[in-house]
Peer 1: 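I am attaching a structure below and will ask some questions about it afterwards.
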There are 2 protein chains.
Amino acid sequence: MQGQNLTYGIANELGIEIVTGVYSADNPIPIEAQLCRKYGASRSALREAVKMLTAKGLLDARPRRGTWVQPEEKWNLLDPDVLGWLLERKYSPALLIEFTEIRLAVEPGAATLAARVAGPQEKAAIRHGIERMQAADRGDDDPLDSDIAFHVAVLRASRNRFYAQLTGFTATALRFSIQTTNRYKGVQLASIADHKKVADAILAGRAVAAGEAMRKLIQEALDLICKREALQATRRLAGGSAR
Amino acid sequence: MQGQNLTYGIANELGIEIVTGVYSADNPIPIEAQLCRKYGASRSALREAVKMLTAKGLLDARPRRGTWVQPEEKWNLLDPDVLGWLLERKYSPALLIEFTEIRLAVEPGAATLAARVAGPQEKAAIRHGIERMQAADRGDDDPLDSDIAFHVAVLRASRNRFYAQLTGFTATALRFSIQTTNRYKGVQLASIADHKKVADAILAGRAVAAGEAMRKLIQEALDLICKREALQATRRLAGGSAR
DNA sequence: TAAGTCTCATTTATATTATAAAAAGCGCCA
DNA sequence: TGGCGCTTTTTATAATATAAATGAGACTTA
């Protein structure tokens, strides 16, 4: 949902404003006419943007009652656009922990399946992901992109459409997660070894081992985040500089 | 996305046609003017419907090139609307297996978390789900609804927004799953006992046990589906009446 | 002949205006 | 006081005009 044209641009801006909490019960969405003025757009373009956000669970429009932001539990958080908007402007350690928690369940499941059903092409993609991570370690590839490529390859290799669907979600989450936790400083080597254990298990068809290796990998990431947060809390208490 | 008004009705119809494979590379979506005629709608209403489907990953429209169905891997399968459309018209054992597979990873994860963090209200909802299942067994409640209520309560009790987001998905999937596998014929009692084990573990705060109990529960459902499918395959081979 | 450029036609994108439908709020009346 | 019906506001739909994008084919030129 890039700003390739006016409608998409409005959807983007409005989407960000909504998920960052600009509108609520006491500060509702302006009526169509005002929104048109605000974005300098016609009703057609604006209404189409609003309909896109409605489809993603962010808005609800009814005649005479106006257009309202839906309660947060109706937002389609698994939609990469929605998740992206949320992450782009609103840093939240809680959110980071929450999606690492769900990755802790999902990715081992995908790895287990992948070990059972992955074909030659899918296995090649996983192997290639590991190679890219190794290349990144030598400075020949991007560490973030290669990491994401590996996790996406595993999800795809599960040959399950719902896991495959989570690639967009995972890629967005991972990009944000890694950027904010900002690893790649010495942890890299150990991390590659852990990733390689997962890959080896999948390639060898050892389903249980693959799941377990993936679980450990993500559990480590979760522990790291929690430790960091605790640390920052301590610093805040001590009056130190924490973000 | 009910047919509350014209635009939503068009989105529904078109959505079903798309996911059931009416349109493809060799049979592309008609141009706007033709679609308007087909649905007896104005361009405004039609375009708004198309934009909703675009937001859900089903369509992509560009000037001069027309509007095309996106490749299936871009469909937002975790969106309850999209999943519902897929299930409503297109029975698919493969799909049933696939979403039971992902439930096998997700729901134990949610149960584990729930055991750690569920508050009084969330615990009450889980207890109530069990009570409803028991009531259904006596004929005093709906077996399908009570089953769904229990699983939804566990997801919510995880206090994780991404798990909570999957309630819509799970409810849709479960409704379809149970209807087609059509249990509730003697299996019921054993099923309630298994559900109660999950609930007890969560209520007692035994996280690992809760996850494991949930895993067993869903693994049983998965085995049942696979056995059924194998059975039907056998019948088909034997020339018997399948489905 | 071949490669590049230009023009034109087609289709979606946006704008504008008018009318319909829904529903909240108010006032009238019994 | 309570219910009924008008009025007004806001979204829903319609109809039409213009803009922008782009694919295809013609045209130009080396």
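What you are looking at is a predicted structure, and each value in this text was computed from that prediction instead of being measured. A note on names: the letters A, B, ... follow the listed sequences, proteins ahead of strands, and every chain is numbered from 1.
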Peer 1: Could you list the residues that satisfy side chain to side chain donor-acceptor pair (under 3.5 Å) with A:Asp79, not counting sequence neighbours?
Peer 2: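 A:Asp79: side chain to side chain donor-acceptor pair (under 3.5 Å) contacts with A:Lys56, B:Asn76.
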Peer 1: Show every side-chain hydrogen bond (donor to acceptor under 3.5 Å, both in side chains) that has at least one partner inside residues 119-133 of chain B, sequence neighbours left out.
Peer 2: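 Output for this query lists B:Glu122-B:Arg159, B:Arg132-B:Asp141.
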Peer 1: Give the residues of residues 28-40 of chain A touching DNA chain C, defined as any heavy atom closer than 4.0 Å, sorted by residue number.
Peer 2: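 Those residues are A:Gly40.
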Peer 1: Round to the nearest Å and state the distance from A:Arg47 atom CZ to D:dA14 atom P.
Peer 2: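 The answer, rounded to whole Å, is 11 Å.
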Peer 1: Is a salt bridge present between A:Glu72 and B:Arg161, judged by a nitrogen-to-oxygen distance below 4.0 Å?
Peer 2: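 Salt bridge: yes.
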Peer 1: The criterion is salt bridge (Lys or Arg N to Asp or Glu O under 4.0 Å); which residues satisfy it with A:Lys74, sequence neighbours excluded?
Peer 2: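 For A:Lys74, no residue satisfies salt bridge (Lys or Arg N to Asp or Glu O under 4.0 Å) once neighbours in sequence are set aside.
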Peer 1: What is the distance, rounded to the nearest whole Å, between atom NZ of B:Lys51 and atom C1' of C:dA13?
Peer 2: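 After rounding, the gap between these two atoms is 7 Å.
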Peer 1: Can you list the residues that meet the ring pair (Phe, Tyr, Trp, His ring centres under 6.0 Å) rule with A:Phe169, with sequence neighbours excluded?
Peer 2: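 So A:Phe169 forms a ring pair (Phe, Tyr, Trp, His ring centres under 6.0 Å) with B:Phe162.
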Peer 1: Tell me the interatomic distance from B:Glu48, atom CD, to C:dA13, atom P, rounded to whole angstroms.
Peer 2: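 The distance from CD of B:Glu48 to P of C:dA13 comes to 13 Å, rounded to the nearest Å.
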Peer 1: Scan nucleotides 18-20 of chain C against the protein and return all N/O pairs shorter than 3.5 Å with their distances rounded to 0.1 Å.
Peer 2:
residue: C:dA18; atom: N6; partner: A:Arg43; partner atom: NH1; Å: 3.3

Peer 1: Measuring to OP1 and OP2 of D:dT13, would you say a side-chain N or O of B:Ser42 lies under 4.0 angstrom away?
Peer 2: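 No, outside the criterion.
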Peer 1: Going by number, which of residues 59-67 of chain A have a non-hydrogen atom under 4.0 Å from DNA chain C?
Peer 2: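 Going residue by residue through residues 59-67 of chain A, the ones with a heavy atom under 4.0 Å of DNA chain C turn out to be A:Pro63, A:Arg64, A:Arg65.
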Peer 1: Between atom CG in A:Asn5 and atom C1' in D:dT22, what is the gap in whole Å?
Peer 2: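 For the pair A:Asn5 CG and D:dT22 C1', the rounded distance is 15 Å.
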Peer 1: Partners of B:Tyr163 by ring pair (Phe, Tyr, Trp, His ring centres under 6.0 Å), sequence neighbours excluded?
Peer 2: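 With sequence neighbours excluded, B:Tyr163 shows a ring pair (Phe, Tyr, Trp, His ring centres under 6.0 Å) to no residue whatsoever.
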Peer 1: Could you state the atom-to-atom distance from CD1 of A:Ile10 to P of C:dA13 in whole Å?
Peer 2: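 My rounded result for the distance is 13 Å.
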Peer 1: Working to the nearest 0.5 angstrom, can you tell me the gap between A:Leu87 CG and A:Leu95 CG?
Peer 2: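 It is 5.5 Å, given to the nearest 0.5 Å.
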Peer 1: What residues, two or more places apart in sequence or in another chain, satisfy side chain to side chain donor-acceptor pair (under 3.5 Å) together with B:Glu32?
Peer 2: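 Partners of B:Glu32 by the side chain to side chain donor-acceptor pair (under 3.5 Å) criterion, ordered by chain and then number, come out as B:Arg43, B:Arg47.
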Peer 1: Among all residues two or more places apart in sequence or in another chain, which pass the salt bridge (Lys or Arg N to Asp or Glu O under 4.0 Å) test with A:Glu88?
Peer 2: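 Once residues adjacent in sequence are excluded, A:Glu88 has no partner under the salt bridge (Lys or Arg N to Asp or Glu O under 4.0 Å) criterion.
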Peer 1: Is the phosphate of D:dA12 approached by B:Ser44 (side-chain N or O, under 4.0 Å from OP1 or OP2)?
Peer 2: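 For B:Ser44, the contact criterion (side-chain N or O under 4.0 Å from OP1 or OP2 of D:dA12) is not met.
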Peer 1: What pairs with B:Arg62 under salt bridge (Lys or Arg N to Asp or Glu O under 4.0 Å), at least two apart in sequence or on another chain?
Peer 2: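 If we apply the salt bridge (Lys or Arg N to Asp or Glu O under 4.0 Å) test to B:Arg62, skipping adjacent residues, the hits are B:Asp60.
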Peer 1: Can you list the residues that meet the salt bridge (Lys or Arg N to Asp or Glu O under 4.0 Å) rule with A:Asp26, with sequence neighbours excluded?
Peer 2: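 For A:Asp26 there are no salt bridge (Lys or Arg N to Asp or Glu O under 4.0 Å) partners, ignoring immediate neighbours.
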Peer 1: Just how far, in rounded Å, is P of C:dA13 from CG of B:Leu46?
Peer 2: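 So the CG-P distance, B:Leu46 to C:dA13, works out to 11 Å.
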